[in-house]
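So the structure is just underneath, and the comments pick up after that.
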2 protein chains.
Amino acid sequence: MGRWPGGTQERLQEAAIELFTERGYERTTVAEIATRAGLTERTFYNHFADKREVLFPGQDVFVAEVRETVAAAPPEQSPLDAVLAAFTAGSDWFDRHREAAQRRRKLLDAHADLRERERAKVAALGEAIADALRARGLPDPAATLTASVCAAAHRLGTARWLTDPEHRTLEHHLRASFEDLRRTARTW
Amino acid sequence: MGRWPGGTQERLQEAAIELFTERGYERTTVAEIATRAGLTERTFYNHFADKREVLFPGQDVFVAEVRETVAAAPPEQSPLDAVLAAFTAGSDWFDRHREAAQRRRKLLDAHADLRERERAKVAALGEAIADALRARGLPDPAATLTASVCAAAHRLGTARWLTDPEHRTLEHHLRASFEDLRRTARTW
DNA sequence: CGTAGTGATTACAGAAACTGCAATCAACGT
DNA sequence: ACGTTGATTGCAGTTTCTGTAATCACTACG
């Protein structure tokens, strides 16, 4: 058991989302977040690099998992299939957190600051995929271009997943987006 | 004639690049930039939304031009060709500023902060292209996906342009990147 | 049972980014 | 001469983020 009440990061994240939705991102100070979580401002910065980062928990872990899954995919699998498989591998975790993801999306959409950080995360995902594809033997520029388009398809798929009134699974939307991608690419 | 010595933005930009290259981005304050330009910190913020923005002059104008050029392209032109034409339309301006672009790139590469802003600019370019393609009648999701891949190809092309030891033109590298894109897309 | 070690949290001070508002200034038109 | 206009400035203030050292709660060891 921890010496201090555990789950510090989680408590900070919950406090942040609460306050952001209550009074908006800009009108919430880091000190307020920390206080609601029963901590101090300095402790917040011990856990998150900056104020935005509290809205992207586990993102780096996800990117690392995708990188490793793609790199470890069977050699006969096509690049696109390998990436799609890596995306769908842990997609049920997201399905179980769909509502939280929707609340988060609302916040991101409302603030350019946060969208900018999200773009950086998507870019990091793309670069991780490019690394993994190169590790699989795919040379540049194919690796870079394929990785970029996979990141774009991932973005499209999650966007549809979050707005789907029928609540179909993330895997469904990712597959559909990759299929759209293949269809569209044939017209280029 | 200006009431004050003109070219305020330009002077601020030059001062910023000088100081950033001299002692690094983080160890340069906005006040120092303004002082070197013969102005005050407050004036800096009258011209640029934040410290990073001083490194992206005219970016919004470029994005707007691309949007309009793509939207006004002849209807029989394919989406990819329309975007490529828009990219190459003003590319000689960039050729004339190649060295400055290289110095700028060094700065961007050295600081995650600045790369993040660059990603946001690329994303804005992609969304402008998507708008223009939709205005030309291309439906989603093709518009979104095509726009994303065009932005990626643009990024690839400029990267090669800036590192080409033979100093070939930006238009050359953009065409080559789009050709690589078409070749790669056939493998998907 | 005492004590040193460990890792998280905290207190504090301070630099720097950024904003709001009112005042100032230099040119211009009338 | 005089008011208008738009850019620049002064200044106060909030907020983000960092460096440093101290404190705290628990653990392991002698």
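Just so we're on the same page: letters track the sequence lines, and every chain starts at 1.
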### Task
Hey, can you tell me if B:H97 and B:W93 have their rings parallel, tilted or perpendicular (30° and 60° cut-offs)?
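B:H97 and B:W93: parallel rings.
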
### Task
Measure the acute angle between the ring planes of A:W188 and B:W188, then classify it against the limits of 30° and 60° as parallel, tilted or perpendicular.
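Ring orientation of A:W188 relative to B:W188: perpendicular.
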
Check the distance between [N]'s [atom2] and [X]'s [atom1] and give it to me in whole angstrom.
X	N	atom1	atom2	value
B:N46	C:dT24	CG	P	18 Å
A:R52	D:dC17	CZ	C1'	13 Å
B:E10	D:dA7	CD	P	14 Å
B:L39	D:dG6	CG	P	20 Å
B:K51	C:dA15	NZ	P	16 Å

### Task
Check each residue of residues 19-33 of chain A for a non-hydrogen atom within less than 4.0 Å of any atom in DNA chain C, then write out the ones that pass by number, or none.
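Close to the strand, none.
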
### Task
With a 4.0 Å heavy-atom cut-off, tell me which residues in residues 115-124 of chain A come close to DNA chain C, sorted by residue number.
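Output list: empty, so none.
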
### Query
Are B:F62 and B:F56 close enough that their ring centres sit under 6.0 Å apart?
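For B:F62 and B:F56, the ring centres are not under 6.0 Å apart.
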
### Message
I'd like to know if B:R23 pairs up with B:E32 as an ion pair, taking the criterion as any Lys NZ or Arg NE/NH1/NH2 lying under 4.0 Å from an Asp or Glu carboxylate oxygen.
### Response
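Counted as a salt bridge, because a side-chain N and a carboxylate O are separated by less than 4.0 Å.
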
### Query
Ion pair present between A:D109 and A:R103, side-chain N to carboxylate O less than 4.0 angstrom?
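No.
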
State whether [X] places a side-chain N or O below 4.0 Å from either non-bridging phosphate oxygen (OP1 or OP2) of [N].
X	N	answer
A:H47	C:dT9	yes
A:T43	C:dA8	no
A:T40	C:dT9	no

### Query
So A:R105 and A:E118, salt bridge (Lys or Arg N to Asp or Glu O under 4.0 Å) or not? Walk me through it.
CA-CA 10 Å; A:R105 172 116 303 275; A:E118 191 202 9; 2.4 Å; yes

### Query
Between B:E179, B:H172, B:E171, B:H173, which is the residue that forms a side-chain hydrogen bond (donor to acceptor under 3.5 Å, both in side chains) with B:R175?
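Among B:E179, B:H172, B:E171, B:H173, the one that satisfies the side-chain hydrogen bond (donor to acceptor under 3.5 Å, both in side chains) with B:R175 is B:E171.
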
Identify the pairs formed between an N or O of the protein and an N or O of nucleotides 19-22 of chain C at a distance under 3.5 Å, and give each distance.
from   : atom 1 : to    : atom 2 : distance (Å)
C:dG20 : N7     : B:R42 : NH2    : 3.0
C:dG20 : O6     : B:R42 : NE     : 2.6

### Task
Examine A:K51 relative to A:Y25 and say whether NZ or CZ is less than 6.0 Å from the centre of the six-membered ring and inside a 45° cone about the ring axis.
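That pair qualifies as a cation-pi contact.
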
### Query
Honestly, is A:R104 close enough over A:F20, meaning NZ or CZ under 6.0 Å from the six-membered ring centre and within 45° of the axis?
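Relative to the ring axis of A:F20, which defines the angle, A:R104 lies outside at least one limit.
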
### B:W161 and its side chain to side chain contact (heavy atoms under 4.5 Å, CB included) partner, picked from B:R98, B:H167, B:R168
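Exactly one pass, corresponding to B:R98.
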
### Message
Is it true that B:D180 and B:S177 share a donor-acceptor pair across their side chains at a distance under 3.5 Å?
### Response
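Per modelled atom types, B:S177 and B:D180 side chains form no pair under 3.5 Å.
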
